[in-house]
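All remarks here apply to the structure that follows.
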Amino acid sequence: MNILPEKNGKRTVTIFGGGGYIGPVIAQRLLNNGYKVRIIDLFLYESQNVMLGLLAHPDFEVVAGDYADPKILKQGISGATDIIILAGLVGDPITKKYPEAHKAINQLGMSNLINSLNGHSLSRVIFVSTCSNYGLIEKNELADENYELSPLSLYATAKVEAEKQILRLKGKTDFDATILRFATAFGLAPRMRFDLTVSQFIQEMFLKRELVVYDPDTWRPYCHVQDFASAIQNVLEAPSKMISFEVFNAGGQDNNYTKRMLVELISKYIPNPPITYQEFGSDPRNYRVNFDKITSKLNFFPCFSVEDGIKELIAALEQDLFSDQDFRPNFYGNYAITFPPEKNE
């Protein structure tokens with residue numbers, strides 16, 4: 001399939017759900033590389049101010065609204081050459097806490113979004129899924145893209161269903177779709193999150209709070225937000241035959257860690273933290289992930305190690321860059337929402 005630039009030669013990428021942890025980083029990278037970018041976001045965590053650093057760019061626009069609203073959906077698709085789907089209620093805890101919102105956003109809303117994309121002369125549709133889809137791998141095997149999916153949460157189950165819906169469209173659309181199963185994110189970003197493993201561990205240890213680590217020998221893959229942005233760009237610019245209706249694990253082999261390994265690595269920079277290890281926590285997920293496919297097919301190599309992320313976040317904490325966290329906890333983590341959001345009169 002041919003790339004479909006606008007008359008000025010620039011591709012216009014709409015990022016549904018682009019106002020969170022990863023979206024602004026992707027947007028900045030694409031703007032820096034000659035794309036036009038539109039972000040659609042409901043800003044459930046009141047993260048609107050992360051857009052301020054992008055608004056001055058002439059090729060950027062933001063639309064505050066719900067992609068389940070037909071008018072907002074139409075506005076997002078109109079004039080776009082490419083779509084990135086980050087949207088959703090993200091994470092196991094928040095979807096478990098708000099099952100009705102999860103159903104409206106992650107199931108019904110997402111299904112409608114996917115069904116609305118055909119017939120608009122789009123070039124690429126990138127759906128961001130999760131390595132959490134692999135669930136619980138007992139024998140420390142490496143999960144490649146063909147490994148059996150075994151989602152353990154509402155969040156991962158909805159991602160698996162969306163993947164299936166997209167893959168059923170193969171041969172029936174005027175666009176190329178790609179599924180990226182993201183590893184767990186880390187790294188500095190405009191909307192920093194401290195409810196994800198790497199950043200949570202670093203912050204708790206830096207502040208000398210007792211950190212309780214459940215199931216310390218379970219594995220997770222990790223990936224820096226800047227590397228996710230790079231992976232997205234690689235998909236946008238790869239030949240169609242390489243990415244059309246393909247699934248890729250997005251991350252790097254060297255960033256597979258157990259929780260205990262993470263603590264030990266952070267302890268090189270924050271000595272003698274108060275740590276307690278406990279077994280049989282509420283989250284039994286355990287998966288190591290193989291990233292050979294994205295490396296060989298898309299020439300994707302993460303630039304940032306987990307250790308790089310540890311050092312950059314400690315440096316930011318030393319400069320007191322997150323002093324407002326106690327006053328804006330929901331900005332720094334997916335903890336609570338009001339859905340549907342209350343509208344100001």
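- Ion pairing between D283 and R285 holds under the 4.0 Å rule for side-chain N and carboxylate O.
- Within 6.0 Å of CG in N272 there are 12 or fewer heavy atoms belonging to other residues, nucleotides or ligands.
- The pair D59-K10 meets the salt-bridge criterion, since a charged nitrogen lies less than 4.0 angstrom from a carboxylate oxygen.
- Side-chain contact of Y21 with D195: a donor-acceptor pair under 3.5 Å is absent, judged by distance alone.
- A salt bridge between E61 and R38 is present, with a side-chain N of the basic residue lying under 4.0 Å from a carboxylate O of the acidic one.
- A single hydrophobic cluster is seen to contain both F194 and V213, as judged by linkage of ILVMFWY side chains at heavy-atom distances under 4.5 Å, directly or through other members.
- The side-chain heavy atoms of T130 and Y155, taken from C-beta on, include a pair separated by under 4.5 Å.
- Cluster membership check: F201 shares its hydrophobic cluster with M261, using side-chain heavy-atom separations under 4.5 Å among Ile, Leu, Val, Met, Phe, Trp and Tyr.
- In summary, E307 and K268 engage in a salt bridge, as defined by a charged side-chain N under 4.0 Å from a carboxylate O.
- Around CD of E148, the count of heavy atoms belonging to other residues, nucleotides or ligands within 6.0 Å does not exceed 12.
- Here F228 and F182 bring their ring centres to under 6.0 angstrom of each other.
- In this structure, V125 and D176 have side chains that are not in contact, with every pair of non-hydrogen atoms separated by 4.5 Å or more.
- Between Y35 and Q233, the side chains place no donor N or O within less than 3.5 Å of an acceptor N or O (distance only, hydrogens not considered).
- Under the salt bridge (Lys or Arg N to Asp or Glu O under 4.0 Å) criterion, D217 pairs with R260, not counting sequence neighbours.
- Within the 4.5 Å cutoff, the side chain of R181 has no heavy atoms near those of the F248 side chain.
- For the residue pair F339 and A104, the shortest heavy atom distance occurs at CE2-CB, 3.8 Å.
- When only modelled atom types and interatomic distance are considered, D292 and T295 share no side-chain donor-acceptor pair under 3.5 Å.
- Side-chain contact between I39 and M51 is present, with heavy atoms from C-beta onward closer than 4.5 Å.
- Contact annotation: the side chain of P221 never approaches that of R288 to less than 4.5 Å [non-hydrogen atoms, C-beta and beyond].
- Nearest heavy-atom pair across V225 and A185 is CG1-CB, 4.2 Å.
- Between the side chain of N106 and the backbone N or O of G88 there is no donor-acceptor pair closer than 3.5 Å.
- Residue E46 places its CD atom among 12 or fewer non-hydrogen atoms of other residues, nucleotides or ligands, all under 6.0 Å distant.
- For the residue pair N133/E163, the side-chain donor-acceptor check at 3.5 Å is satisfied.
- When side chains are defined from C-beta on, I40 does not count as touching I15, because their heavy atoms never get closer than 4.5 Å.
- Under the 3.5 Å distance criterion, the side-chain polar atoms of S296 are matched with a main-chain donor or acceptor of K293.
- Here E161 pairs with K164 in a salt bridge; the nearest charged N to carboxylate O distance falls below 4.0 Å.
- Ring geometry for Y332 versus F322: interplanar angle over 60°, hence perpendicular rather than tilted (30 to 60°).
- Side chains of L167 and I179 form a contact here, defined as non-hydrogen atoms less than 4.5 Å apart.
- Here the side chains of I77 and Y67 are not in contact, with every heavy-atom distance at 4.5 Å or above.
- In this model, a donor atom of one side chain and an acceptor atom of the other lie less than 3.5 Å apart for Q165 and N115.
- Put simply, the side chain of Q253 gets close to the backbone of F291: a donor and an acceptor are under 3.5 Å apart.
- With R11 contributing its side chain and L236 its backbone, the two residues share a donor-acceptor pair below 3.5 Å.
- Taken together through direct or relayed side-chain contacts under 4.5 Å among Ile, Leu, Val, Met, Phe, Trp and Tyr, F206 and L321 form part of one hydrophobic cluster.
- A donor-acceptor contact shorter than 3.5 Å is absent between the side chain of T178 and the backbone of I126.
- Checked by atom type, the side-chain pair S132/Y287 shows a donor-acceptor distance below 3.5 Å.
- With hydrogens and angles disregarded, a donor-acceptor distance shorter than 3.5 Å links the side chain of N330 to the backbone of Y335.
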